[in-house]
There are 2 protein chains.
Amino acid sequence: MFTSDLSETFERARRDLADLVKLQSVSAQGRQLPETADAVTVLLEAEGFTVKRYEGQVAPVLIAEAGQGARTVLLYNHYDVQPETPLELWDSPPFELTERAGRLYGRGASDDKGELISRLGALRALKASCDGELPFRVRWLIEGEEEIGSPSLARIVREHADELRADFCWWEFGTIDPAGRPVLYAGLKGILCLELRARVAQSDLHSQFGAVVDNPLYQLARALSSMRDEQGRVTIEGFHDDVRPASEADLGAVSRIPDESSALQETYGITGFLGNASGAEFYRRLALEPVLNINGVHGGYGDAGSKTVLPATAFAKLDFRLVPDQSPSRVAQLVREHLARIGLADVEVVELESHEEPARSDLTHPLVQLAVATARDVYGAEPVLHPSSGGSGPMHPFIEYLGMPVVAMGIGNLGGRVHAPNENIRLEDFQNGIRFGAEFFRRLAQY
Amino acid sequence: MFTSDLSETFERARRDLADLVKLQSVSAQGRQLPETADAVTVLLEAEGFTVKRYEGQVAPVLIAEAGQGARTVLLYNHYDVQPETPLELWDSPPFELTERAGRLYGRGASDDKGELISRLGALRALKASCDGELPFRVRWLIEGEEEIGSPSLARIVREHADELRADFCWWEFGTIDPAGRPVLYAGLKGILCLELRARVAQSDLHSQFGAVVDNPLYQLARALSSMRDEQGRVTIEGFHDDVRPASEADLGAVSRIPDESSALQETYGITGFLGNASGAEFYRRLALEPVLNINGVHGGYGDAGSKTVLPATAFAKLDFRLVPDQSPSRVAQLVREHLARIGLADVEVVELESHEEPARSDLTHPLVQLAVATARDVYGAEPVLHPSSGGSGPMHPFIEYLGMPVVAMGIGNLGGRVHAPNENIRLEDFQNGIRFGAEFFRRLAQY
């Protein structure tokens, strides 16, 4: 265990984080992105990193490298943040790191500047205990477009694969749960967002013509109800063909996740779960099953009372959450074929911008196990390992293209208000994150 | 044929119409309703009518009577109009009857003040040719709430049945088509407007939870797609049990309606008709088949791009168009039973305010035939007789409760912009309407 006194490291990391939070690096609005990339570069170079800078779509991407050794670890973080609005809901200025009751508040305090700085602190601590030399090679990919869907990332990974190869990739995000258990994720689902557009006429009609004219909302209802069943299982022909069966390790992992389904149910006032799932089945669906969700349907009259209209058009927005080895473009094609098969070829299928391939690490990989064991030892609690998050992100090129296991683990907390006003981390999680990182790097170097 | 010189009657009717159009009797806004009822009363009393006035929900209802004879005819009209907005789209002031290119423009010029005055003119013309005495009894029900759904009408009919009984009821509305053919309707469909409300949680969720939480838009899609088929036929159990089979006369009538389906298709840019219906089948569906139409569905995200949300709630608005002997309240009950049967009992069914029973006259009734024959002779063109409009209205108590045949025939035209800016009638149709009325009354008195 990494037992050095880290109080000085903690103080310095906190000052670094305060400096970084000051920079308003809102990628959705293109604010202060090169300036923030500069500030991160200064921090990295001060620790001996060589930093290369590549142009992304709206923000620079940094690829940094430091240290020497038999093992190489790749870190993935981002320096951009979500917009700070609505301002009036913040209890302290969003771009001023502020301590209250054991928490540090500020935009990016958790997502992802806090995590970035905690890892920098961990590297400093380890280096200090190794006579100023890192005993392994660390590569660090830090982008500024994560909050807008990482539009440049897959290309950067392809073009700079040689600068990114490693034995293991430590992904951004992750929480410490209310029971003090670190929560890790070894994969992300893929995503495909579609819009279905139905049209039956050029202008709205009196609803009496429903006797002879089809209804675009009925067409969408038929399309949507034919694509999944009451249990939520997708019923599009060929959809499951590419689904990689869950491994025994995956199924074992979901069965060990503490069941918090009833807390979720209470928090959101959920009327019930599909198939009354709870426990292992609940987490199996969340982590390992592909999903068709409907984000919105709109068409025709929506105000009070009735209006006897037959709308000319209507649209539906969907997202598919995909699992290995499904592919978003293949699924889009299957949706088109499905609609044609049921006589709805005229319903237009538009692929929206979100489009991620799914990825999941092999949980039996020794370095995945090393991360879990280190977390267990540092936090003194049994880690919660999800084979995959139910959410999506750009993890695929790392696992499938660079061929390394990827695990997300971080310093968030369930009340961390990520993406919302009063984003925060607990000071204790920040410090434990630095200690975990130092210990994990130490073990990795010796592995 | 009624051959008197009617030029003086035409002039006087036009002045009466101009006076009536000046009154802004917008029932939706409660404007000048008693004043307009007063003005109509003055006009009727000047022709020897006894006028009784009853209070409706927002406007007086007039029941007037004049004349003596073996036959009694009931007229149904209304003195209220639709709102005049948007004002800027009118080419002349909405409440000032204005002639342009052979047409009279103004709110209510067609619907329904023009029709009311044309009937008054017809009575005057006939009376003048009969030494000042009407040779039959005419009863006239004139309400001021038609444009807001006639909320008092069924009650008034029930409470004053003895003052309303007649051999025949001449209903408001009807057009002269572009080929000069008078278009008559011998029935109206019933209507039931429902809202379906689905809820799966108290607040929206991240869409990853679609793996374990049902989707309100999927529930609505399943409900809607299960209630009708691709041909538009309603598939709710028991829905067709009360449908009175179309008579031979009904089927014969729809087969004689000139096929204007392709004109409709072109006007509205309709992509195609259900079952490729045209001709007799097109009009059979429009007049004689019950329909489920979807007026609107709304829930979740509706702006540009994608938002990965699982909405907590969604709603759908529907209207059923019903045929004899279906009943709106029975259909609402069948919808609830249907949803329970398919496991969607939690979807709330709310009955909206529109609620009309269906009604259809016997086309073989001699007085229906008399109206058609008179129209044929006066207009010199083969009348188009629809067994029922595809639309709905409060005709049911007249046919089913008072037990008389009802036929709608009027002075409208397809470009008449009823309910819209620049509402108008053709001067020729106004005058022909007066002539038709005089001849029809003459024949009716002698029948």
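Here is the naming used below: chain letters follow the sequence lines, and residue numbers restart at 1 for every chain. Bear in mind that the values here come from a model prediction, so they are computed numbers and not experimental data.
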Let me know if B:Leu264 has heavy atoms under 4.5 Å from chain A in its side chain, its backbone, both or neither.
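For B:Leu264, the contact with chain A is made by the side chain alone.
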Who wins among [options] for the most heavy-atom pairs under 4.5 Å with chain A?
{"options": "B:Ser226, B:Pro216, B:Gly390", "result": "B:Gly390"}
{"options": "B:Ala223, B:Gly299, B:Ala287", "result": "B:Gly299"}
{"options": "B:Ala277, B:Gly275, B:Pro311, B:Ala314", "result": "B:Pro311"}
{"options": "B:Ser392, B:Gly210, B:Gly302, B:Cys193", "result": "B:Gly302"}
{"options": "B:Ser389, B:Ala211, B:Ser203, B:Gly391", "result": "B:Ala211"}
{"options": "B:Gly343, B:Ser261, B:Pro290, B:Gly305", "result": "B:Gly305"}

Rounded at 0.5 Å granularity, tell me how far CG in A:Leu251 sits from OH in A:Tyr283.
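If we round to the nearest 0.5 Å, A:Leu251:CG and A:Tyr283:OH are 16.0 Å apart.
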Do the charged groups of B:Lys307 and B:Asp204 touch, with an N to O distance under 4.0 Å?
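No, this pair does not count.
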Can you tell me which portion of A:Gln219 sits under 4.5 Å from chain B's heavy atoms? Options are side chain, backbone, both or neither.
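Neither the backbone nor the side chain of A:Gln219 comes within 4.5 Å of chain B.
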Pick one of side chain, backbone, both or neither for A:Asn276, based on which atoms fall under 4.5 Å of a heavy atom in chain B.
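Neither part.
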Out of [options], which one racks up the most heavy-atom pairs below 4.5 Å with chain B?
{"options": "A:Gln265, A:Arg233, A:Arg285, A:Glu230", "value": "A:Glu230"}
{"options": "A:Ala312, A:Gly300, A:Gly272", "value": "A:Gly300"}
{"options": "A:His298, A:Arg222, A:Gln202", "value": "A:His298"}
{"options": "A:Ile342, A:Thr308, A:Val200", "value": "A:Val200"}
{"options": "A:Asp214, A:Asn295, A:Val291", "value": "A:Asn295"}
{"options": "A:Leu292, A:Leu224, A:Leu274", "value": "A:Leu274"}

Donor-acceptor check, side chain of [X] to backbone of [Y], threshold 3.5 angstrom: yes or no?
{"X": "A:Lys317", "Y": "A:Leu352", "result": "no"}
{"X": "A:Asn215", "Y": "B:Ile294", "result": "yes"}
{"X": "B:Glu145", "Y": "B:Val58", "result": "yes"}
{"X": "B:Tyr268", "Y": "B:Thr271", "result": "no"}

Mutual orientation of the aromatic rings belonging to A:Phe282 and A:Phe273 [parallel < 30°, tilted 30-60°, perpendicular > 60°]
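Plane angle over 60°, so perpendicular.
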Taking atom types as modelled, is there a side-chain donor on B:Asp229 or B:Thr235 under 3.5 Å from an acceptor on the other?
no
Taking the side chain as C-beta and beyond, is there a heavy-atom pair between A:Leu322 and A:Ile191 under 4.5 Å?
no
Any side-chain heavy atom of B:Val323 within less than 4.5 Å of one from B:Glu289?
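A side-chain contact is absent here, since even the closest heavy-atom pair is not under 4.5 Å.
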